[in-house]
Amino acid sequence: GIRDKLVTGVQTCALPIYRCARLIGDKTQLLTLVLAARFKRPWPIVAGIFLATLVNHAIAGALGAWLTRTIGSDAMRWILGISFIAMAAWMLVPDKWDGESSALRKVGDVFLTTTILFFLVEIGDKTQIATVALAARFDSLIAVVMGTTVGMLLANVPVAFFGDALAKRLPRSEERRVGKEGRSRWA
């Protein structure tokens with residue numbers, strides 16, 4: 001029934017997003033690590049990731065569904081095929097972190113900071129484009145958004161707790177050195 005279709009849709013959409021972010025590396029993981037090391041509070045970070053991903057992917061999914069209705073399924077098959085090939089090529093290029101730590105200090109609240117930064121970093125990201133394509137392919141927008149959100153959480157939640165544990169074990173001077181090294185390496 002409907003429940004089975006929803007579960008299948010979530011599973012189908014979660015796996016590509018998880019692979020896209022986790023196995024290839026993603027700037028959202030780097031952002032999660034920086035936030036966890038900076039604030040040492042993984043639960044509000046996870047909540048911010050969840051909200052930002054849910055909203056961002058709902059917008060992307062709605063765009064994909066609208067494109068399918070507007071353009072038509074035959075044209076959309078060609079567009080999706082070309083976009084998946086382009087996305088596969090794009091995945092070979094590693095992401096870079098463009099943020100500055102001063103931006104983190106301006107917002108203040110961990111949840112709000114995470115939500116805003118994560119939403120902005122996701123705009124135009126591989127996972128957002130994959131969400132547009134998946135929503136254009138599958139009938140259930142809810143299943144696509146749930147699946148892509150689960151995939152992002154699977155890829156980023158462990159990073160939040162790892163960053164928190166790492167930050168608690170590093171002396172403050174070492175934490176600053178690693179942060180500077182990481183920013184210069186990704187810039």
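No experiment lies behind these values; they were computed from the predicted model shown.
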Distance only, no hydrogens: is a donor on one side chain within 3.5 Å (strictly under) of an acceptor on the other, for T149 and H57?
no
Taking every non-hydrogen atom, the tightest pair across [X] and [Y]:
X    : Y    : value
A36  : A167 : O-CB, 4.4 Å
T28  : M152 : OG1-CE, 3.5 Å
L154 : P158 : O-CD, 3.3 Å
F111 : P44  : CD1-O, 3.7 Å
A160 : V46  : CB-CG2, 4.1 Å
V110 : I45  : CG1-CG1, 3.6 Å

Straight-line distance of [X] [atom1] to [Y] [atom2], nearest 0.5 Å:
X    : Y    : atom1 : atom2 : answer
N56  : Q128 : CG    : CD    : 4.5 Å
D125 : T131 : CG    : OG1   : 9.5 Å
T32  : L117 : OG1   : CG    : 10.5 Å
N156 : L31  : CG    : CG    : 8.5 Å
L134 : L141 : CG    : CG    : 11.5 Å
F50  : T115 : CZ    : OG1   : 11.0 Å

Do T148 and T127 come close enough that some side-chain heavy atom pair is under 4.5 Å?
no
Verify same cluster id: L112, I123 (apolar side-chain graph, 4.5 Å):
yes
For atom CZ of F161, is the number of surrounding heavy atoms from other residues, nucleotides or ligands below 6.0 Å larger than 12?
yes
Ignoring hydrogens and angles, tell me if any N or O in the side chain of Q29 forms a donor-acceptor pair with the backbone of A155 under 3.5 Å.
yes
Would you please test T114 and I49 for side chain to side chain contact (heavy atoms under 4.5 Å, CB included) and show each step?
CA-CA 6 Å; T114 302; I49 290 169; 3.9 Å; yes
Just to verify, what does R69 make a side chain to side chain contact (heavy atoms under 4.5 Å, CB included) with, not counting sequence neighbours?
A65, W66
